[in-house]
*Asks:* 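One structure, as structure tokens, below. Some questions next.
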Number of protein chains: 2
Amino acid sequence: MTSRDQAAVTLAQVAEAAGVGESTVSRVLRNHGSYSGKTRDRVMTAVERLGYVPNRIAGTLASAGSRLVAFVIPSLSNIVFADVLRGAGATLEENQYQAVFAVTDYDPAREEALVASMLAWRPAAVMLAGYEHTERTINMLRAANCRVVEMLDVDGTALDLAVGFSNRAAGRASAEFLLKRGYRRIGYVGHDLDRDTRAAKRYSSFCETLSANDVPLADREIYREASSVERGRLGLDSLLARTSDLDAVYFSNDDMALGGYFHCLARGIVIPSQLAIFGYNGLDLGRVMPQALSTIRTPRVATGQMAAKLIMDNAPSQVIDLGFELIEGATA
Amino acid sequence: MTSRDQAAVTLAQVAEAAGVGESTVSRVLRNHGSYSGKTRDRVMTAVERLGYVPNRIAGTLASAGSRLVAFVIPSLSNIVFADVLRGAGATLEENQYQAVFAVTDYDPAREEALVASMLAWRPAAVMLAGYEHTERTINMLRAANCRVVEMLDVDGTALDLAVGFSNRAAGRASAEFLLKRGYRRIGYVGHDLDRDTRAAKRYSSFCETLSANDVPLADREIYREASSVERGRLGLDSLLARTSDLDAVYFSNDDMALGGYFHCLARGIVIPSQLAIFGYNGLDLGRVMPQALSTIRTPRVATGQMAAKLIMDNAPSQVIDLGFELIEGATA
DNA sequence: AGTTTTTTTGGCAGCGCTACCATTTTATGG
DNA sequence: CCATAAAATGGTAGCGCTGCCAAAAAAACT
């Protein structure tokens, strides 16, 4: 029943039907410039009757500035980026902007290709995760006539705008917290550090802080795959099999930590007296666990909101650190 | 450092620089039509030198058919839709299509507005969740010159293409499973049925199946908000406070079920002997819980893949039921 | 060498809209 | 009532590309 290949109604047809000029229809529809009430009614009636849907492709081409915002994000499975998108979504929509997105799977080469493909849509802005990009990606973005927002990190040099928080500071805060609580045999279970450079920053900062306090990291289990609850559980299992006297484990994120928590439950390991668990992200579910998860809550939605707001406001280049919050919880 | 407001390089400039005609550049860049190797090299050199990025806005306008695919989904927080997007993403990308999306928050009126706004981009296809749309949404989609895919449901009449599975069958299977296991005092904890019509279908089918077996639903706790782990935990708490002799609880999804599971852990309720728990979705984390979650695994990624494939293949209107899998688990 | 066929190429008219400018109509004021 | 300002309207040149067609160049045959 869907009617394909029928020519869509054009603005010219609406103008014809309403007995006015094309530019008048355009003005009425965009509520831009002046027109009389009577004209507006005639135009709107014609629009209604013909079922006219403006063609933004044409509109964008004619008016230069596009209202597309391109998101090039590492993953959709990771709730972090879904939250960022959610935060940005509302603001963009209010301003009649449209979000376009592509997923890099944490691969810089794919990011490069996707940025190139995104720029072909002449977006008003490109939103990326973090500061680590290939040289060509950076060159393309510099050459492009659009804003760039690097999100979820502030440790480095921004191309244009940056919104997020310090992953290094997060790693340090986590280490300091565990040290303050008296843990001395600390392990780490994490996912692919090569690709997730923000996780790598947290990890290295965590280790440095421990070392600076003469408590070197006791052991670690790092998977090359993406993070998951399952990896967290397997990782803790392997880690403890090798180094059984750990008193605390730092996970690369809450998903991994939940896996570790499940492992402890299954093996009867008492938390936190036998083993402390510390995560990262501050997912909602951490609050609801039988023992609230000790973790760091990151401003994911706020990052998206701020990123969108900066673009809408055409703010000057700057770096905005939204900080994070350490949640003491009951698992560490 | 980002250079804004500089005119972008155009195809005409490349043609000029390469000393060839515009259409020749166009042919080379799209690898469409014929051209000599020498010409290709000259064009590519000029492209490289000038840093030319094709303008797809213009290209789309000139060639009619757009390579945008619009996703109008209820939520990004719900992993279900992220999975669908992920599934579709790869296929779309291979075919040089671009995903555009907007989030309805399960609100049909918002869906209507967003579909209207999406159609303005003249997408090749619009991907929606389920069959329940406002009349105006349906009219717009019928009138639009594009394909429509309704995803994650097959209980109803499709507008054009539909890919998913039967939520009614899923509800029935869940009920039959619990009955087969001998549970007779069965409760339900769910989220907003008014908005999530697929959850509503599962619920009503679940109840009907119970009734048909003379085991009416013992009690239920339904929240008007979105589903979450927290709501699941609170919901089970309320439900048990009111009806303490339940022997099984059906949750509207795995998140809610995980909340219920946490509640049992916290209260020392033994699963499944004291209380059985059954979810819906088959999230990965269910497999890793100390006791594997009994649930129904839905083909979320496959739905996205199939939806994209149908569009790429320009398949005729049809409904594709990908089925689901009941995971017996250890919690029911 | 002269044809015929095939491959390559360039020119240019749109795609549907907006921006700009010119014109007409209406309102304002003395 | 006419001059002047203000509001409303229409015409049209692009935006940057693609599709079509005709022309030119190269290749393949007599």
Side-chain angles (χ1 to χ4, degrees), chain A residues 5-44 46-47 50-68 96 119-124 144-145, chain B residues 5-44 46-47 50-68 96 119-124 144-145:
Chain A
D5 288 343
Q6 67 182 7
V9 179
T10 68
L11 183 141
Q13 291 170 38
V14 174
E16 166 94 67
V20 301
E22 292 185 35
S23 33
T24 301
V25 176
S26 177
R27 271 187 299 260
V28 171
L29 259 34
R30 287 178 301 145
N31 187 29
H32 181 277
S34 58
Y35 48 84
S36 69
K38 199 182 61 181
T39 305
R40 189 196 54 233
D41 293 342
R42 286 172 61 189
V43 169
M44 294 315 282
V47 164
L50 300 179
Y52 172 67
V53 178
N55 184 332
R56 281 215 209 202
I57 300 278
T60 302
L61 182 62
S63 65
S66 109
R67 284 182 171 267
L68 284 173
Q96 310 269 321
L119 289 177
W121 290 102
R122 297 292 187 273
N145 180 27
Chain B
D5 289 342
Q6 67 182 8
V9 179
T10 69
L11 182 143
Q13 291 170 39
V14 174
E16 166 94 68
V20 301
E22 291 185 35
S23 32
T24 301
V25 176
S26 177
R27 272 187 299 259
V28 171
L29 259 34
R30 287 177 299 145
N31 188 29
H32 181 277
S34 58
Y35 48 84
S36 69
K38 199 183 61 183
T39 307
R40 188 196 54 232
D41 293 342
R42 287 172 62 189
V43 169
M44 294 315 282
V47 164
L50 300 179
Y52 172 67
V53 178
N55 183 332
R56 284 216 207 200
I57 300 277
T60 301
L61 181 62
S63 65
S66 110
R67 284 183 171 267
L68 286 173
Q96 310 271 321
L119 288 177
W121 289 101
R122 298 290 187 270
N145 181 26

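Reminder, nothing fancy here: chain letters follow the sequence lines and each chain counts from 1. Quick caveat, the model's predicted, so the values are computed rather than measured. Only this structure's heavy atoms are used, side chains among them; waters, hydrogens and symmetry mates stay out.
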*Asks:* Between C:dG16 atom P and A:Gln13 atom CD, what is the distance in whole Å?
*Replies:* 8 Å

*Asks:* Scan A:Thr60 against the nucleic acid and name what it touches under 4.0 Å (heavy atoms): base, sugar-phosphate only, or nothing.
*Replies:* nothing

*Asks:* Just checking B:Ser34: base, sugar-phosphate only, or nothing, at a heavy-atom cut-off of under 4.0 Å?
*Replies:* base

*Asks:* Is the phosphate of C:dC17 approached by A:Tyr52 (side-chain N or O, under 4.0 Å from OP1 or OP2)?
*Replies:* yes

*Asks:* Rounding to a whole Å, what distance do you find between A:Asn31:CG and D:dA8:P?
*Replies:* 12 Å

*Asks:* Rounded to the nearest Å, what distance is computed from the CG atom of residue B:Leu11 to the P atom of nucleotide D:dC17?
*Replies:* 5 Å

*Asks:* Answer yes or no: does atom CD of A:Gln13 have more than 12 heavy-atom neighbours from other residues, nucleotides or ligands under 6.0 Å?
*Replies:* yes

*Asks:* May I have the distance from B:Arg122 (atom CZ) to D:dT18 (atom C1'), rounded to whole angstrom?
*Replies:* 18 Å

*Asks:* With respect to the side chain of B:Ser23, which nucleotide from C:dG11, C:dA19, D:dG16 is positioned closest?
*Replies:* C:dG11

*Asks:* Could you check whether any side-chain heavy atom of B:Trp121 comes within less than 4.5 Å of a side-chain heavy atom of A:Leu68, counting everything from C-beta outward?
*Replies:* yes

*Asks:* Under 4.0 Å from OP1 or OP2 of D:dG19: is there any side-chain N or O of B:Ser26 that close?
*Replies:* no

*Asks:* Main chain of B:Arg56, side chain of B:Thr60: is a donor-acceptor contact present, judged purely on distance under 3.5 Å?
*Replies:* yes

*Asks:* Would you kindly give the CD-to-P distance between A:Glu22 and C:dA22, to the nearest whole Å?
*Replies:* 19 Å

*Asks:* Is the distance from OP1 or OP2 of D:dC17 to the nearest side-chain N or O of B:Ser63 less than 4.0 Å?
*Replies:* no

*Asks:* Could you check whether B:Gly65 gets within reach of a base, just the sugar-phosphate, or nothing at all, counting any heavy atom under 4.0 Å?
*Replies:* nothing

*Asks:* If you check the B:Ala58 side chain, which of D:dG10, D:dG14, D:dC17 turns out closest?
*Replies:* D:dC17

*Asks:* Can you find a heavy atom in the side chain of B:Ile57 that is under 4.5 Å from one in the side chain of B:Leu61?
*Replies:* no

*Asks:* In Å and rounded to the nearest 0.5 Å, what is the CG to CG distance from A:Leu11 to A:Leu50?
*Replies:* 11.0 Å

*Asks:* Classify the side-chain pair A:Arg27/A:Thr24 by whether it contains a donor and acceptor separated by less than 3.5 Å.
*Replies:* yes

*Asks:* To the nearest Å, give me how far apart CG (B:Leu61) and P (C:dT18) are.
*Replies:* 12 Å

*Asks:* Side chain of B:Thr10 only, heavy atoms from C-beta on: which candidate in C:dT9, D:dG19, D:dC17 is closest?
*Replies:* D:dC17

*Asks:* Could you state the CG-C1' distance from B:Leu29 to D:dG16, rounded to the nearest angstrom?
*Replies:* 13 Å

*Asks:* Look at the side-chain N and O atoms of B:Ser36 and state whether any lies under 4.0 Å from the OP1 or OP2 oxygen of C:dT9.
*Replies:* yes

*Asks:* Among D:dG16, C:dA19, C:dC17, find the nucleotide with the atom closest to the side chain of A:Arg30.
*Replies:* C:dA19

*Asks:* Under the 3.5 Å rule, do the base of D:dG19 and the side chain of B:Arg27 count as making a donor-acceptor pair?
*Replies:* no

*Asks:* Give the rounded distance in Å between these two atoms: CZ of B:Arg42 and C1' of C:dT9.
*Replies:* 11 Å

*Asks:* Choose from D:dG14, D:dT18, C:dG10 the nucleotide whose nearest atom is closest to any side-chain atom of B:Thr24.
*Replies:* C:dG10

